[in-house]
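Heads up: the structure comes next, in structure tokens.
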Amino acid sequence: MALANRTLKPGESYERAFSEASPRLPGAKLAELSAWRQASFARFAAAGVPTPRVEAWKYTNVSRLASTALALAGRPQVRLDDLTPHLLGGTRARRLIFVNGQVAPELCHVESLPAGLRASSLARALEQEPERVAAILRGIEDERAFTALNDAFAGAGSWVELDEGVVVEEPLQLLFLTVGRDGPAMAHPRIVVRLGRGARLRLIESHVALDDAPMLTNLVSQIDLAQGAVLELDRIEQVGAQATHLGKSYVRQEAGSRLAQTVATLGGGLVRNETEARLEGSGIECILNGVYLARGKEHVDNLIRIHHMAPSCHSDQFYKGVIDEAARAVFAGKIIVHRDAQKTNAYQKNDNLLLSDEAEIDTKPELEIYADDVKCSHGATSGDLDPLALFYLRSRGLPRATAETVLTFAFAAEVIERFADASVRHRVREVALGRLPGGGDLAELA
């Protein structure tokens, strides 16, 4: 049933899953939290699943989610051998590991955390400080249907918090694994990251499918950086060919804080990454980098909104895509400079390399400026490999496939080298080369 011809009514499986899960969700005995979850599910049901008639979803069709019978994913056992290729950050890294959004304590390594760092499952945080954690979960104001759905199931996922002035030298990895079951399933993890004044953290976020099962991951992240805090966030996404990964990050930054985020999307049936950043104080830096490699019939969508709300802030969006075969990619980035945000310096660029005649990119960079003393620029390009460069490499004896891979990898490497952690850079290089024709011959470059 269409709602205003723009959305579709969710199928009964959502209500059935929520009814079964709600009494067992963490913090279910907290009346205010339970009431909020009920209201959130009602909002999702009323909003419906968006169709391409909704402008924000014009190029990404998730209509089938309305009619797909989805059960809430369980937490199957995972062997340690399955994790080894995805453990990043070096031997000194701390790790929280989740299977279908649920923490796997036997696989985690968060013993002897530095003083002032709290890293745990969201369920444990709700158990320890139910009222405070519940209030933070309720802090998002957004009419987005999938955020309301995540709110309804809120309880799975991670809680990371640093006290004022705490600097953590070793990286912390959040590893989210998806494992299929008998039929289509869904998980709704929430990531909460809160850095106190002057705190500093390097965070590695990995989303990995261990099989090719049909799975909906509906992720919401809340990132809150207090004055002078610094967060370096590296994210890798390796999603299954039948999977749908929908993620939205809500970022709030106070004066003098810095966020440097780099994302690599290296496969997935349908992957959509949304970021909504609010720069609420002066002297803020918000650096968002991304690289995506899509092939087959994969679909990758990046949607970014940066709100400059205070003067003298700097934002930078730099995204590169490689699209091959019949894959499709979308980039929609918007910089909104509010009236009080004088002396804003904002930059946005999206470059795309199309490797086949069937590959498609829809790119839409935007500026919306209400201040008059600003420096803002944006741009987008799309094209194929340079025939002169290709001819040069082939004239030096390289086979065509290898020459094409060298040029393609060099194009993507400009973003790959921006990952903060060396092990993440190595892993992304390795997986990226494996997804390119002839890349196996260049594996040593990783």
Exercise. Give a yes or no on whether the backbone of Leu293 and the side-chain of Arg435 come within a donor-acceptor separation of less than 3.5 Å.
Key: yes
* **Lys/Arg N to Asp/Glu carboxylate O, Glu276 vs Arg252, below 4.0 Å** => no
Test: Arg418 and Glu232 ion pair at under 4.0 Å
no
Hey, are Glu274 and Lys334 close enough for a salt bridge, meaning a charged N less than 4.0 Å from a carboxylate O? no
query: Does a donor on one side chain and an acceptor on the other come within less than 3.5 Å for Asn273 and Glu237?
result: yes
Test item: side-chain donor near acceptor, Asp351 and Thr381, under 3.5 Å: yes
Less than 3.5 Å apart, any donor N or O on the side chain of Asp142 or Tyr250 sitting next to an acceptor on the other? yes
- Message: Distance alone, cut at 3.5 Å: any donor-acceptor contact between the side chains of Ser206 and Gln173?
- Response: yes
Run the salt bridge (Lys or Arg N to Asp or Glu O under 4.0 Å) test on Asp362 and Lys364 for me, step by step, so that the C-alpha distance in whole Å, both residues' side-chain angles and the decisive distance to 0.1 Å come before the verdict. CA-CA 7 Å; Asp362 296 286; Lys364 186 183 178 185; over 6 Å; no
Rounding to 0.5 Å, atoms OH (Tyr347) and SG (Cys376) come to a distance of 13.0 Å
Heavy-atom nearest pair, Ala45 first then Pro10, reads O-CD, 3.8 Å
ask   = Hey, are the side chains of Thr178 and Leu210 touching, using non-hydrogen atoms and a 4.5 Å cut-off?
value = no
| Aromatic rings His207 and His245: how do their planes relate, parallel, tilted or perpendicular, breaks at 30° and 60°? | perpendicular
Taking the six-membered ring for Trp, are Tyr319 and Phe331 parallel (under 30°), tilted (30 to 60°) or perpendicular (over 60°)?
tilted
Do Tyr370 and Glu368 have side-chain atoms, one donor and one acceptor, less than 3.5 Å apart?
-> yes
I'd like to know whether the aromatic ring centres of Phe41 and Trp36 sit less than 6.0 Å apart in this structure. no
Student check: side-chain heavy atoms of Ile304 and Leu288 closer than 4.5 Å: yes
- Taking the six-membered ring of Trp159 as reference, does the NZ or CZ atom of Arg190 fall below 6.0 Å from its centre and within a 45° cone about the axis? no
Taken to the nearest 0.5 Å, the spacing of Ile140 CD1 from Ser40 OG works out to 9.5 Å
Consider only side-chain N and O atoms of Arg278 and Gln253, and report whether a donor and an acceptor are under 3.5 Å apart. no
Using salt bridge (Lys or Arg N to Asp or Glu O under 4.0 Å), reason through Glu127 and Lys29 one step at a time and then give a plain yes or no. CA-CA 10 Å; Glu127 178 184 305; Lys29 294 182 180 179; over 6 Å; no
Q. Between Arg138 and Asp151, does at least one N-O distance fall below 4.0 Å, as a salt bridge requires?
A. no
*asked:* Please tell me whether Asp301 and Tyr292 have a donor and an acceptor in their side chains that are separated by less than 3.5 angstrom.
replied: no
Worksheet item: Is there a donor in the side chain of Thr262 and an acceptor in the side chain of Asn289, or the other way round, less than 3.5 Å apart?
Response: yes
Just by distance, no angles: are the side chains of His308 and His338 close enough, under 3.5 Å, to form a donor-acceptor pair? no
- Query: Is a salt bridge present between Glu298 and Arg328, judged by a nitrogen-to-oxygen distance below 4.0 Å?
  - Reply: no
Check: If we ignore angles and hydrogens, is there a donor and acceptor under 3.5 Å between the side chains of Asn218 and His188?
Finding: yes
The single option from Leu219, Val220, Leu65 that satisfies side-chain contact (heavy atoms from CB on, under 4.5 Å) with Phe146 is Leu65
